[in-house]
Amino acid sequence: MAADGRHRKAVDGVLITGFFTVFGLISLALFLFALFAFVDAAIHREDAYRAADKNTKAFWLIILGIAAVVMKLFSIMSFLPIIGLVAVIVYMVDVRPAVRGVSGRGRGGGRGGFKRRQGQGGGSSSDGPYGPYNGRR
């Protein structure tokens, strides 16, 4: 009977250790995700944020920096890392593509996207899909 109790405690200890190991890995992944978003926000120019009609670069650096610190210091079982995760997701899904599009690092060139043919000139930031856009209707 005593051996059964020790076995149960050993199994419980393994399950608890495994649970906290999984939570630790999830917490580390979320921290690295926030850190990536922070570094990505830092490498874009300030005027790209204004041109994309998003908040300023300083705003996003503060928000993403706080999110990374919160994800590092607090358990993912509390609500603060969840709020930080929402901020990081908003940056990655909404702000990052807009800033990259304005910066010229969007889908048009670079990794993955289609590239311009050599005969088509350099283009301009005001070129649309059917030629230059000059603002008049």
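Computation of the quantities below employed the complete heavy-atom set of this structure, encompassing side-chain atoms and omitting hydrogens, waters and symmetry-equivalent molecules.
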Report, one line per pair, each donor and acceptor closer than 3.5 Å where one atom sits in a side chain of residues 20-37; sequence neighbours left out.
from: Thr21; atom 1: OG1; to: Thr17; atom 2: O; distance (Å): 2.7

Going from CZ on Phe38 to CD1 on Ile63, what distance comes out if it is rounded to the nearest 0.5 angstrom?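 Phe38 atom CZ to Ile63 atom CD1 measures 12.0 Å (nearest 0.5 Å).
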Could you list the residues that satisfy side-chain contact (heavy atoms from CB on, under 4.5 Å) with Asp94, not counting sequence neighbours?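 Once residues adjacent in sequence are excluded, the partners of Asp94 under the side-chain contact (heavy atoms from CB on, under 4.5 Å) criterion are Lys54.
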Pair up each side-chain donor or acceptor in residues 68-89 with any protein partner under 3.5 Å, not counting sequence neighbours, and list the distances.
from: Ser75; atom 1: OG; to: Met77; atom 2: N; distance (Å): 3.1
from: Ser78; atom 1: OG; to: Ser75; atom 2: O; distance (Å): 2.9

Partners meeting side-chain hydrogen bond (donor to acceptor under 3.5 Å, both in side chains) with Arg45 (sequence neighbours left out): Asp47
Those residues at least two apart in sequence (or on a different chain) that pass side-chain hydrogen bond (donor to acceptor under 3.5 Å, both in side chains) with Lys57 are none
Taking Phe59 as the starting point, is it possible to reach Val95 by hopping between hydrophobic residues whose side chains are less than 4.5 Å apart? yes
Pairs in or reaching into residues 30-42: which pass salt bridge (charged side-chain N to carboxylate O under 4.0 Å, His left out), with residues at least two apart or in two chains?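 Passing the test, one end in residues 30-42: Asp40-Arg96.
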Using atom types as modelled and distance alone, determine if a side-chain donor or acceptor of Tyr49 lies under 3.5 Å from a backbone N or O of Ala41.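 Here the side-chain-to-backbone pair exists.
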Checking Tyr91 now: which residues fulfil ring pair (Phe, Tyr, Trp, His ring centres under 6.0 Å) with it, not counting sequence neighbours? Trp60
